[in-house]
Amino acid sequence: WAEESHAGRAPAHAHALCLPTSVPGVMTLHQGYAFLQQKDKVTIVIANQAQVRHIYLNVPHSKNLKPSWYGESVGHYEGDTLVVDTIGVDPRTILDAYRTPHTDKLHVVERWRTTDGGKGLEVMITVDDPDSFYLPWSLRIRDQRGEDPFLEVICAESNQNFGLFDFHTPMAAKPDF
(Lines give C-alpha, C1' and ligand atoms only; values in the text may rest on other atoms or scores of the structure.)
Protein backbone atom coordinates (compact mmCIF):
# COMPACT_ATOMS: atom_id res chain seq x y z
CA TRP A 1 0.00 0.00 0.00
CA ALA A 2 2.77 2.41 0.90
CA GLU A 3 4.43 1.87 -2.49
CA GLU A 4 1.42 3.42 -4.23
CA SER A 5 1.60 6.53 -2.06
CA HIS A 6 5.37 6.83 -2.62
CA ALA A 7 4.77 6.50 -6.37
CA GLY A 8 2.46 9.51 -6.24
CA ARG A 9 -0.84 7.67 -6.49
CA ALA A 10 -3.50 8.67 -4.01
CA PRO A 11 -4.68 5.83 -1.79
CA ALA A 12 -8.26 4.80 -2.44
CA HIS A 13 -10.72 4.09 0.34
CA ALA A 14 -11.99 0.52 0.10
CA HIS A 15 -15.52 1.67 -0.80
CA ALA A 16 -14.09 3.51 -3.84
CA LEU A 17 -12.92 0.11 -5.07
CA CYS A 18 -16.35 -1.45 -4.44
CA LEU A 19 -15.05 -3.41 -1.49
CA PRO A 20 -16.74 -3.49 1.88
CA THR A 21 -15.11 -1.17 4.36
CA SER A 22 -13.99 -2.60 7.68
CA VAL A 23 -14.32 -1.54 11.29
CA PRO A 24 -13.56 1.22 12.18
CA GLY A 25 -13.25 2.60 8.63
CA VAL A 26 -16.93 2.13 7.81
CA MET A 27 -17.82 4.54 10.59
CA THR A 28 -15.71 7.31 9.02
CA LEU A 29 -17.58 7.44 5.69
CA HIS A 30 -20.04 10.13 6.86
CA GLN A 31 -22.58 8.82 4.38
CA GLY A 32 -25.47 8.38 6.79
CA TYR A 33 -26.44 5.59 9.13
CA ALA A 34 -29.72 4.07 10.20
CA PHE A 35 -29.80 2.20 13.51
CA LEU A 36 -32.33 -0.60 13.86
CA GLN A 37 -32.69 -1.66 17.49
CA GLN A 38 -33.99 -5.15 18.27
CA LYS A 39 -34.08 -7.09 21.52
CA ASP A 40 -30.92 -9.09 20.79
CA LYS A 41 -29.21 -7.05 18.09
CA VAL A 42 -28.48 -3.59 16.72
CA THR A 43 -28.22 -3.40 12.95
CA ILE A 44 -26.48 -0.43 11.40
CA VAL A 45 -27.36 0.26 7.79
CA ILE A 46 -24.67 2.39 6.16
CA ALA A 47 -25.96 4.45 3.24
CA ASN A 48 -22.80 3.98 1.19
CA GLN A 49 -23.32 0.86 -0.94
CA ALA A 50 -26.09 -0.26 1.43
CA GLN A 51 -23.62 -1.95 3.75
CA VAL A 52 -25.05 -3.63 6.85
CA ARG A 53 -23.33 -4.26 10.16
CA HIS A 54 -24.73 -6.44 12.95
CA ILE A 55 -23.99 -5.95 16.65
CA TYR A 56 -25.21 -8.83 18.81
CA LEU A 57 -26.23 -7.78 22.31
CA ASN A 58 -25.35 -9.33 25.65
CA VAL A 59 -23.50 -12.35 24.27
CA PRO A 60 -19.83 -13.37 24.40
CA HIS A 61 -17.62 -13.58 21.33
CA SER A 62 -17.76 -16.88 19.42
CA LYS A 63 -15.27 -19.56 20.41
CA ASN A 64 -14.46 -20.50 16.80
CA LEU A 65 -14.38 -17.09 15.22
CA LYS A 66 -14.07 -16.87 11.45
CA PRO A 67 -12.60 -13.57 10.16
CA SER A 68 -14.97 -11.42 8.11
CA TRP A 69 -15.12 -7.94 6.57
CA TYR A 70 -16.65 -6.38 9.68
CA GLY A 71 -15.49 -8.96 12.17
CA GLU A 72 -17.70 -10.05 15.02
CA SER A 73 -19.28 -7.22 17.00
CA VAL A 74 -20.88 -7.85 20.38
CA GLY A 75 -22.30 -5.09 22.52
CA HIS A 76 -24.07 -4.05 25.65
CA TYR A 77 -25.51 -0.87 27.07
CA GLU A 78 -23.89 1.09 29.88
CA GLY A 79 -26.65 3.55 30.71
CA ASP A 80 -27.33 5.48 27.51
CA THR A 81 -24.10 4.34 25.82
CA LEU A 82 -23.88 1.39 23.43
CA VAL A 83 -20.48 -0.27 23.96
CA VAL A 84 -19.40 -2.42 21.01
CA ASP A 85 -16.44 -4.84 21.09
CA THR A 86 -15.22 -6.08 17.68
CA ILE A 87 -12.64 -8.75 16.87
CA GLY A 88 -12.14 -11.10 13.94
CA VAL A 89 -11.79 -8.42 11.26
CA ASP A 90 -10.24 -9.99 8.18
CA PRO A 91 -6.61 -8.76 7.85
CA ARG A 92 -7.16 -8.17 4.11
CA THR A 93 -9.25 -5.13 5.03
CA ILE A 94 -7.85 -1.67 5.64
CA LEU A 95 -8.66 0.64 8.51
CA ASP A 96 -8.99 3.99 6.80
CA ALA A 97 -8.54 6.12 3.67
CA TYR A 98 -4.76 5.82 4.08
CA ARG A 99 -4.96 2.05 3.69
CA THR A 100 -3.58 1.44 7.15
CA PRO A 101 -3.08 -2.33 7.41
CA HIS A 102 -3.69 -4.49 10.46
CA THR A 103 -3.32 -8.09 11.59
CA ASP A 104 -5.79 -10.68 12.85
CA LYS A 105 -5.19 -9.31 16.37
CA LEU A 106 -7.16 -6.13 15.64
CA HIS A 107 -9.49 -5.21 18.51
CA VAL A 108 -11.88 -2.26 18.21
CA VAL A 109 -14.06 -0.85 21.00
CA GLU A 110 -16.73 1.74 20.18
CA ARG A 111 -18.82 3.77 22.60
CA TRP A 112 -21.94 5.20 20.90
CA ARG A 113 -24.21 7.82 22.46
CA THR A 114 -26.62 10.53 21.36
CA THR A 115 -25.79 14.17 22.06
CA ASP A 116 -27.53 17.54 21.85
CA GLY A 117 -30.87 16.19 23.06
CA GLY A 118 -30.92 13.43 20.43
CA LYS A 119 -29.94 15.68 17.52
CA GLY A 120 -26.34 14.48 17.48
CA LEU A 121 -24.45 11.21 17.59
CA GLU A 122 -20.98 10.62 18.97
CA VAL A 123 -18.80 7.55 18.82
CA MET A 124 -15.50 7.16 20.67
CA ILE A 125 -13.40 4.47 19.00
CA THR A 126 -10.30 2.77 20.43
CA VAL A 127 -8.21 0.65 18.08
CA ASP A 128 -5.65 -1.86 19.33
CA ASP A 129 -3.46 -4.26 17.36
CA PRO A 130 -0.22 -5.12 19.16
CA ASP A 131 1.33 -6.47 15.96
CA SER A 132 0.60 -3.27 13.99
CA PHE A 133 0.77 -0.37 16.44
CA TYR A 134 3.06 0.52 19.32
CA LEU A 135 0.09 1.73 21.35
CA PRO A 136 -3.69 1.68 21.07
CA TRP A 137 -5.09 4.80 19.40
CA SER A 138 -8.44 6.53 19.65
CA LEU A 139 -10.67 8.81 17.65
CA ARG A 140 -13.95 10.59 18.17
CA ILE A 141 -16.56 11.08 15.47
CA ARG A 142 -19.48 13.47 15.90
CA ASP A 143 -22.38 13.79 13.48
CA GLN A 144 -25.74 15.50 13.40
CA ARG A 145 -29.06 13.80 12.75
CA GLY A 146 -29.85 14.03 9.06
CA GLU A 147 -33.28 14.64 7.62
CA ASP A 148 -32.55 13.60 4.04
CA PRO A 149 -33.46 10.10 2.87
CA PHE A 150 -30.69 7.70 1.92
CA LEU A 151 -29.60 8.02 -1.68
CA GLU A 152 -29.33 4.90 -3.78
CA VAL A 153 -25.64 4.20 -4.28
CA ILE A 154 -24.69 1.46 -6.71
CA CYS A 155 -21.11 0.35 -6.91
CA ALA A 156 -20.01 -1.16 -10.20
CA GLU A 157 -17.33 -3.80 -9.90
CA SER A 158 -15.45 -2.44 -12.87
CA ASN A 159 -15.07 1.13 -11.70
CA GLN A 160 -12.07 1.91 -13.90
CA ASN A 161 -11.98 5.64 -14.14
CA PHE A 162 -12.18 7.73 -11.02
CA GLY A 163 -11.06 10.80 -12.92
CA LEU A 164 -7.45 11.42 -12.05
CA PHE A 165 -6.33 8.04 -10.78
CA ASP A 166 -6.10 4.51 -12.10
CA PHE A 167 -6.65 2.10 -9.21
CA HIS A 168 -5.86 -1.00 -11.31
CA THR A 169 -9.22 -2.63 -10.71
CA PRO A 170 -9.07 -6.19 -12.12
CA MET A 171 -11.07 -6.62 -15.31
CA ALA A 172 -12.04 -9.80 -17.18
CA ALA A 173 -10.68 -10.16 -20.73
CA LYS A 174 -14.16 -11.12 -21.95
CA PRO A 175 -17.65 -11.05 -20.44
CA ASP A 176 -18.69 -14.18 -18.55
CA PHE A 177 -22.26 -14.13 -19.84
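Only a predicted model underlies this, so the values are computations on that prediction, with no experimental measurement involved. Basis for what follows: all heavy atoms, side chains included, without hydrogens, waters or symmetry-related copies.
Under the rule for a side-chain hydrogen bond (donor to acceptor under 3.5 Å, both in side chains), the partners of Arg111 that lie at least two apart in sequence or sit in another chain are Glu78. In terms of the salt bridge (Lys or Arg N to Asp or Glu O under 4.0 Å) criterion, Glu72 has no residue partners (sequence neighbours excluded). Partners of Ser68 according to the side-chain contact (heavy atoms from CB on, under 4.5 Å) rule, which considers only residues two or more places apart in sequence or in another chain, do not exist here. For Val109, the side-chain contact (heavy atoms from CB on, under 4.5 Å) test picks out Val83, Asp85, His107, with sequence neighbours left out. Legend: residues meeting side-chain hydrogen bond (donor to acceptor under 3.5 Å, both in side chains) with Thr115, ordered by chain and number and at least two apart, are absent. For Asp104, the salt bridge (Lys or Arg N to Asp or Glu O under 4.0 Å) test picks out no residue, with sequence neighbours left out. Not a single ring-ring contact (aromatic ring centres under 6.0 Å, His included) links Tyr77 to another residue, sequence neighbours left out. For Lys105, the salt bridge (Lys or Arg N to Asp or Glu O under 4.0 Å) partners at least two apart in sequence or on another chain are Asp131. The side-chain contact (heavy atoms from CB on, under 4.5 Å) search around Arg145 returns Glu147, not counting sequence neighbours. Residues passing the side-chain contact (heavy atoms from CB on, under 4.5 Å) test with Asn58, sequence neighbours excluded: His76.
At least one side-chain heavy atom of Ser132 sits less than 4.5 Å from a side-chain heavy atom of Thr103. You'll find the side chain of Phe133 reaches within 4.5 Å of the side chain of Val127, heavy atoms only. Taking 4.5 Å as the limit, some side-chain heavy atom of Val42 sits within range of a side-chain heavy atom of Leu57. Under the 4.5 Å side-chain criterion, counting only non-hydrogen atoms from C-beta, Ser138 is not in contact with Ile125. With a 4.5 Å cut-off on side-chain heavy atoms, Tyr33 and Val45 do not count as touching.
Linking Ile, Leu, Val, Met, Phe, Trp and Tyr whenever their side-chain heavy atoms come within less than 4.5 Å puts Ile141 and Val23 in one cluster. Leu121 and Met124 are not part of a single hydrophobic cluster, where members link through side-chain heavy atoms under 4.5 Å apart. In the hydrophobic clustering of ILVMFWY residues, with side-chain heavy atoms under 4.5 Å counting as a link, Ile55 and Val74 come out apart. The same ILVMFWY cluster, assembled from side-chain heavy atoms under 4.5 Å apart, contains both Leu95 and Val89.
The OH atom of Tyr70 sits 10.0 Å away from atom CD1 of Ile44, with the distance rounded to the nearest 0.5 Å. Expressed to the nearest 0.5 Å, how far OG1 of Thr81 lies from CH2 of Trp112 amounts to 12.0 Å. Here the CG atom belonging to Leu139 is positioned 8.0 Å from the OG1 atom belonging to Thr126, to the nearest 0.5 angstrom.
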Q.
Quick one, Ile46 with Val52, criterion side chain to side chain contact (heavy atoms under 4.5 Å, CB included). Give me CA distance, side-chain angles, the key distance, then yes/no.
A. CA-CA 6 Å; Ile46 300 106; Val52 177; over 6 Å; no
Q. Trp69 and Thr93: side chain to side chain contact (heavy atoms under 4.5 Å, CB included), yes or no, with the steps?
A. CA-CA 7 Å; Trp69 289 106; Thr93 65; 3.1 Å; yes
Q.
What verdict does the side chain to side chain contact (heavy atoms under 4.5 Å, CB included) test give for Val108 and Glu110, after you've listed the backbone C-alpha separation in whole Å, the side-chain angles of each residue and the deciding distance to 0.1 Å?
A. CA-CA 7 Å; Val108 179; Glu110 300 157 276; 4.2 Å; yes
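Among His54, Arg53, Lys41, the one residue that satisfies the side chain to side chain donor-acceptor pair (under 3.5 Å) test with Ser73 is Arg53.
Here salt bridge (charged side-chain N to carboxylate O under 4.0 Å, His left out) pairs that include residues 115-130, with residues two or more places apart or in two chains, are Arg113-Glu122, Glu122-Arg140, Glu122-Arg142.
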